[in-house]
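All values derive from a computational prediction rather than experimental measurement. To find a chain, count down the sequence lines: A is the first, B the second, and so on, and within it residues start at 1. Worth knowing before you read on, the calculation uses all heavy atoms, side chains too, and leaves out hydrogens, waters and symmetry mates.
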Amino acid sequence: MKKQIQELLLQSLAILESKEIIPASNDLVIKIENSRGSEHGDFASNIAMTLAKTAKTNPRQLAQNIIDQLPESDVLERVEIAGPGFINFYLKQNAHQATVVEILKNGHQYGNSKVGANTPTLIEFVSANPTGPLHIGHGRGAAYGAAVASLLKKTGFDVSCEYYINDAGRQMDILAISVWLRYLQHIGTEIPFPENAYQGDYIIDIAIKLHEEHTDKFVLPTDSIMPLFEEEEPELKIDGLIKYCIDNLGEKNYRMVFDAGLDSILVTIKNDLVDFGVEFNHWFSERSLVEDNTVNQCIAKLIENDWVYEKDGAQWFRSCKLGDEKDRVLIRENGQATYFASDIAYHLSKVERGFEKIIDVWGADHHGYIARVKAAMEALELSPEKLEILLVQFATLYRGKEKLQMSTRSGEFITLKQLQGEVGKDAARFFYIMRKSEQHLDFDLELAKSESNDNPVYYIQYAHARICSVFRQLPEKGINYQQAEALKNVSSLNEPHEIKLLATLARYPDVIENAAITYEPHQLAYYLKDLANDFHTYYNANQFIVDDNVIRNARLTLIEATKQVIQNGLSLLGVNAPEVM
RNA sequence: GCCCUGGUAGCUCAGCUGGAUAGAGCGUCCCCCUCCUAAGGGGAAGGCCAGAGGUUCGAAUCCUCUUCAGGGCACCA
């Protein structure tokens, strides 16, 4: 609808340009807004005010000129000038009523758009280190990333979802020796467990399973291990244990212990995400980038183009020259590549796989990392503007007033699975999405659990269930409803609440498009609350199942359309639309 | 010190990328089921949009400074 009005305005302005009332310009942006209240019509444009200055005339006069040249249209009832020079557009009733037909015709396709033009798009999210189960913080990234992906799919982007598995690096080695030490303890070895190793009970489960499958294969003499615990500095102690373990178990056996931890945790993560309604197209392994030499090739290319120098025995990337605040290490003094080095390779892979739009969803604590990744892409001539990094602020969990802590290493955290078990998938998904991603999120368990109107999820779902309930009663009352037949009656939808509801329903495609291109799924959440509110108000004001065939049929099509839009919207957020509550 | 985010009703937050009287939920106060689910609806009260400058026809929205809160500034990932 907005586009139709835009087109009309464009034609009018072209005429004014040809008459030299306004100067010609190529980059004219015509903004059409949904009016706030009905007294300002259905849509409004401020075009006259923005053009008044260059046209050297007053806005109201210019607005009149624009209206005079406006072509005939079968959707517009009338057009008025208001306030300082707004042009307000009033739609004909049947233009409103037509949205019901459009929604029911398109069904779950209603709201789809093609702005994405099939752009190959990769969105990477969650990507939590596989060192423990997903916790409450990861949940936000999961819910947000999944919602953005759904929105982009709806708007015509060719979207692929990916999880980057950090299966290389020191954190994983710490996981491996955590498993190994628990394994030794499990078979009765008296041995301490460092406080900075992974404390969670899930490590013990992995160790038990490891022992079941391999019995005593990984046992080493306790006497030779004990001296390592004399190291005072905790991190050095860990490093000593890792080195000892690799040297004495041998590369192959160490890898078995390592993989036992990795695989088991990965399975847990995958299952938890599936339960949460979040699925990925690819699980991309960091280790694979090392093993297939992509990392080395990347570094070689950087060296070739003089982006690398040596200092203190390490290899440094000149990121400073490309906008970062300091240079970054690619290869450490000990010869090992940094996480950053594999991340460069990872982004190279993303570009080489043909993605035009590359989205990374990161926790806000990674913001300092943006400059160096962009710098690396620049250095490798990978068009950094393809990369869009979306930061998600932290989620803090509350139970009423009590703040709950979380830390993977200490093992004290609420897992995503526990959260879901407690508040349910729908409330969890919706609460995560409800807040703007750059806002800190205080997730209150009590509120999410409350089955009351404090809880917007139930408010929206209730609207859907109420509509379903109405339709369930038709056969009981012996009423015949045929959608196709009933649609012929929509012209009787003239009650104020009906017009309001129609206008809100008509907004849906705009909401989807805007939420998608701004990566703001919360806009959809708020829209659905509005829609539910319009429906509940209508429900209280007007009876749907009435004796008059024409009115009843018209109303039933309207609420059926409402049901469809609620369903469409909720499904994009990963929330169910229950038929009964 | 530098870099991100935030500061809007008593509380939790929206505010459609610069527009017309600043919105919603909760809380408070009043009203609405002989009627399709009251997990609902209607109404009232409640605001110097953190503060100060600036940009312009017009600012909660853009720019600068100040201030408060959270986070980040590794040869960790």
Side-chain angles (χ1 to χ4, degrees), chain A residues 31 33-37 39-40 44-46 49-50 52-53 58-59 82-86 88 127-129 131 166 168-172 174 235 286 311-316 325-326 328-340 342-343 363-371 391 393-394 396 434-440 442 444 447 450-459 461-463 465-474 476-477 507 510-511 514-515 518 520 522-523 525-527 529-530 532-533 535-546 555-556 559 580-581:
Chain A
K31 234 179 83 184
E33 302 176 342
N34 295 305
S35 296
R36 209 170 281 245
E39 69 272 28
H40 293 130
S45 175
N46 62 354
M49 290 180 313
T50 56
K53 198 167 189 182
N58 84 64
F86 288 102
N88 290 338
S127 300
N129 288 348
T131 53
N166 300 128
R170 184 164 176 274
Q171 295 304 324
M172 290 307 297
I174 297 175
E235 298 299 325
E286 177 185 358
K311 194 182 93 182
D312 305 331
Q315 301 292 322
W316 295 73
E325 54 190 23
K326 55 194 284 192
R328 307 291 174 176
V329 173
L330 291 172
I331 301 193
R332 286 171 228 158
E333 200 179 352
N334 67 12
Q336 286 204 311
T338 58
Y339 171 80
F340 176 48
S342 26
D343 217 19
D365 54 334
H366 283 60
H367 100 267
Y369 203 78
I370 297 173
L391 295 181
Q393 292 289 336
F394 283 153
T396 318
M434 202 169 53
R435 201 100 312 158
K436 216 168 27 173
S437 60
E438 58 263 37
Q439 271 277 9
H440 296 264
D442 289 337
D444 186 346
L447 184 63
S450 74
E451 297 194 359
S452 72
N453 28 351
D454 311 8
N455 195 333
V457 193
Y458 289 100
Y459 184 76
Q461 290 181 324
Y462 183 45
R466 264 184 155 175
I467 297 171
C468 294
S469 165
V470 170
F471 279 97
R472 272 196 303 273
Q473 285 171 49
L474 295 180
E476 291 168 22
K477 298 190 174 177
R507 251 173 62 209
D510 271 349
V511 171
N514 205 43
T518 56
E520 293 185 347
H522 77 276
Q523 286 188 23
Y526 277 86
Y527 167 83
K529 272 164 74 177
D530 281 352
N533 179 249
F535 168 75
H536 286 306
T537 306
Y538 179 39
Y539 183 96
N540 273 273
N542 299 77
Q543 189 81 8
F544 309 143
I545 302 177
V546 292
R555 290 182 177 171
L556 289 175
I559 64 169
V580 186
M581 283 175 78

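In this structure, the nucleotide among B:U12, B:U5, B:C36 sitting nearest to the side chain of A:Gln393 is B:U5. Closest to the side chain of A:His367, from the set B:C36, B:G71, B:C13, is B:G71. Taking the side chain of A:Glu438 as heavy atoms from C-beta on, and the options B:A14, B:U5, B:C75, the nearest nucleotide is B:U5. Counting only heavy atoms from C-beta on, A:Tyr539 has its side chain closest to B:A38 among B:A38, B:A77, B:G42. Nearest nucleotide to the A:Arg170 side chain, out of B:A39, B:C36, B:C76: B:C76.
Taking the 5.5 Å centre cut-off and the 30° plane limit, the aromatic side chain of A:Phe86 is classed as stacked on B:A20.
The separation between A:Asn455 atom CG and B:U12 atom P is 18 Å, rounded to whole Å. The nearest whole Å value for the distance from the NZ atom in A:Lys529 to the P atom in B:C13 is 12 Å. Distance A:Tyr526 OH to B:A24 C1': 8 Å, rounded to the nearest Å.
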- Message: Applying salt bridge (charged side-chain N to carboxylate O under 4.0 Å, His left out) to A:Glu235 and A:Arg170, what does each step give before you reach the verdict?
- Response: CA-CA 11 Å; A:Glu235 298 299 325; A:Arg170 184 164 176 274; 2.7 Å; yes
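Across all strands shown, A:Val580 has heavy atoms under 4.0 Å from base atoms, whether or not it also approaches the sugar-phosphate.
Cation-pi geometry between A:Arg466 and A:Phe535 is not met at under 6.0 angstrom from the ring centre and within 45 degrees of the axis.
Along RNA chain B, the nucleotide closest to A:Met581 and the one closest to A:Asn129 are compared, and the more 5′ of them pairs with A:Met581.
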